Amino acid sequence: MAVYTNLNKNLKKNEKKVSISIILPIIAVLAVIPLITYKYEYYTHLETFDWYRGNPQAADFFLHYKTIALIIVSIYMVLAIIYMVWGEERKFVWDKKFIPLAVYAVITLVSAIASKNSYFSFNGIYEQFEPVWILMGYAVIAYYCFYVLRDETTVKHTIRWFIAGISVMAALGLSQVFKCDFLRSDLGMKLITPPPHEKLAFNFELGRSYLTLYNPNYVGYYATLIVPLLIALVFTTKKLWHRIGYAFLAASLVLILFSSQSRAGIVIIIISLFIMLLCMRKVFIKNWKITAAAIAVFIIGFIGINMANQNILFTRMKSMFSTADEVHALKSILTNDDNVTINYNDASLIFKTSLDETGADVFELSDGSGAIVNYALSEDNTAYVIQDERFPFTFAPVRTDGFNGFEITIEGKQWYFSNLMKENDTSYYVLGNSMSLFKLTEQEKSIRFLENHYHFANMRGYIWARTIPLLKEYFLLGSGPDTFVIAFPNHDLVGLYNSGHENETITKPHCMYLQTAVQTGVPSLIALLVFYIWYLISSIKLYWKHSYEGYMPKIGVAIFASCIGYMILALTNDSCVTTSPIFYALIGMGLGINYNLKKEQRKNASS
């Protein structure tokens, strides 16, 4: 016993001391910055765009201050690397897998400089706040974590702080699950609003979790990144209370995920854990009781949340990828130089208007073949009714202080047009929601399936259908970081109406890969994909037949499973400052662990 005690003491003495100043920025990225929530009022600078439907002044709680903190942390990391290499003369370590990520970072900077809307690329934009500094910062975060987190002692110290941040996030999430949301409390509102503290209206119903991540969809990202790591930690310790703590946090995050109703998140976390189970099959079989208990908790949690919310999870899961064909009678509206053309079902209606000698409106209606379409006053004399069953519309002239034109009612919705409100311009315009006049033009068609399934993947079908054609226009350098909302055809009022996005401004494509390709170009996306795939392939080779003895391989495979989940989930979710930094920190840590494990393998093979 004395020999064992002395040996244990010697091991502790020989353990590498971890400088808090070195891991501090990593702790900030993993545990602190995700929690930052505070009101920020700003001008959108989008009022000059005629399609913008919002107020020129907006408020943000979850994004802006996270962005500021991440920029500061990224600068700190760069300076820390310089100090460690040149000041402390530490060996500079490089992995060629970072080459494509470095290429991506360079392209994003060039894209920002070349963008027509470079102001937003450098400063961030409405509802996004992910400017070029953040995109480049992700690369810095990944490399810094690789450089620093390659030995077991440093990884352990960092994960302890990470667990502290996860614990706070889990406590907040559980308060939301059980309908006593801390952020809705008087104290919570005081913490996230400047004086005088105001009462806030929340977008999400009570009982739906969103943490401090801006949107419940990002809870799926967070849980996918964290839960595999927590499960791995259960198998790295023999202390019962540690195991119970890790298991409780994992179960809490799964419960929070169910409460967020992030359907994709639920599916992907199952896939991530299954991949982890395959890789660590021997470990899970050896500890089959823990494995069975974890599966039971997952199932019970899903059923419990589902029953508490009137079968919401089963209902949303069943409708996740509805493939029913959609038929929209209103095909398009075009505001041309000399008419308004409405394509409805298989027919076209052409509107022309002019003023007679008394200043009264005179309407001329014809179909696509040039035949006259008759109309008459309605019984109450308030509008004209079209006397052609192909066009069940009404229309009327409109004269107000702010508008001079006419309105057409189609399927109960009023559309306003004018050829009288622009000086020396008698062509036709539509009136947008923000009282701006602009043209409605023919939209380029995309993949046929998406054009016929606007509501596919929770209404993403339409957004993807209008995003894919943008790849040709922005192929090389993109529209610029954080400018998707400007590149997207938000003036496509008919498409927005048919897809259920009528009163929205589309700010993101709900697909990180499309987001990257449009904003910074297809080459930047290719570079990013090479980085991801290279990491995945090298991890599969390393972990598929690994013995999993010790701490590091278990953490490494958990990060591998988390990153796979994130990359799959990115097919239906965007990059965001609330969760993307955690992903890049983990993939950097994963690369560092892989680097050392391979180094050990080569050393053992040579000896």
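The shown structure was predicted, so the numbers you read here are calculated from the model rather than taken from an experiment.
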For [Y], is there any backbone N or O sitting under 3.5 Å from a side-chain donor or acceptor partner on [X]?
X	Y	answer
N490	Y52	no
D60	Y40	no
S436	D50	yes
E326	H455	yes
S209	I256	yes
Q176	Y210	yes
Y513	M567	yes
S272	A561	yes
S111	I107	no
K508	F484	no

Exercise. Taking only residues two or more places apart in sequence, or in another chain, which ones meet K445 in a side chain to side chain donor-acceptor pair (under 3.5 Å)?
Worked result: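 Expected list: none.
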To the nearest 0.5 angstrom, please state how far the [atom1] atom of [X] sits from the [atom2] atom of [Y].
X	Y	atom1	atom2	value
N594	L542	CG	CG	5.0 Å
S479	F488	OG	CZ	12.5 Å
F62	T578	CZ	OG1	10.0 Å
I26	F162	CD1	CZ	11.5 Å
T108	L477	OG1	CG	10.5 Å
T212	I36	OG1	CD1	9.0 Å

[X] [atom1]: over 12 foreign heavy atoms closer than 6.0 Å:
X	atom1	result
W133	CH2	no
Y38	OH	yes
F204	CZ	yes
W161	CH2	no

Problem set entry | Ring geometry between F438 and H491 (parallel below 30°, tilted from 30 to 60°, perpendicular above 60°) |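 H491 and F438: perpendicular rings.
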Problem set entry | Ring centroid separation Y76 to Y144 under 6.0 Å |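 They do not qualify: ring centres at least 6.0 Å apart.
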Problem set entry | F129 and Y214 aromatic centres sub-6.0 Å |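 No.
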Problem set entry | Minimum heavy-atom distance between P469 and A465, given as atom pair plus value |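 Nearest pair, atom of P469 first, then A465: CD-O, 3.1 Å.
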Do [X] and [Y] come close enough that some side-chain heavy atom pair is under 4.5 Å?
X	Y	value
F560	I540	yes
V177	F258	no
T520	Y104	yes
I506	L496	yes
I75	I72	no
W534	K96	yes
S580	Y566	yes
T44	Q57	no

Exercise. Taking only residues two or more places apart in sequence, or in another chain, which ones meet V93 in a side chain to side chain contact (heavy atoms under 4.5 Å, CB included)?
Worked result: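 With sequence neighbours excluded, V93 shows a side chain to side chain contact (heavy atoms under 4.5 Å, CB included) to F146, Y147, R150, Y595, given in chain and number order.
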Report, one line per pair, each donor and acceptor closer than 3.5 Å where one atom sits in a side chain of residues 116-128; sequence neighbours left out.
| from | atom 1 | to | atom 2 | distance (Å) |
| --- | --- | --- | --- | --- |
| Y119 | OH | H45 | NE2 | 3.3 |
| S121 | OG | P481 | O | 2.9 |
| N123 | ND2 | Y119 | O | 2.7 |

Exercise. Is there a side chain to side chain donor-acceptor pair (under 3.5 Å) between Q515 and S575 once you walk through the steps?
Worked result: CA-CA 8 Å; Q515 181 186 28; S575 175; 4.7 Å; no
For this session: Can you spot which of L249, V254, I166, L257 makes a side-chain contact (heavy atoms from CB on, under 4.5 Å) with V227?
Result: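 For V227, the side-chain contact (heavy atoms from CB on, under 4.5 Å) check succeeds only for V254.
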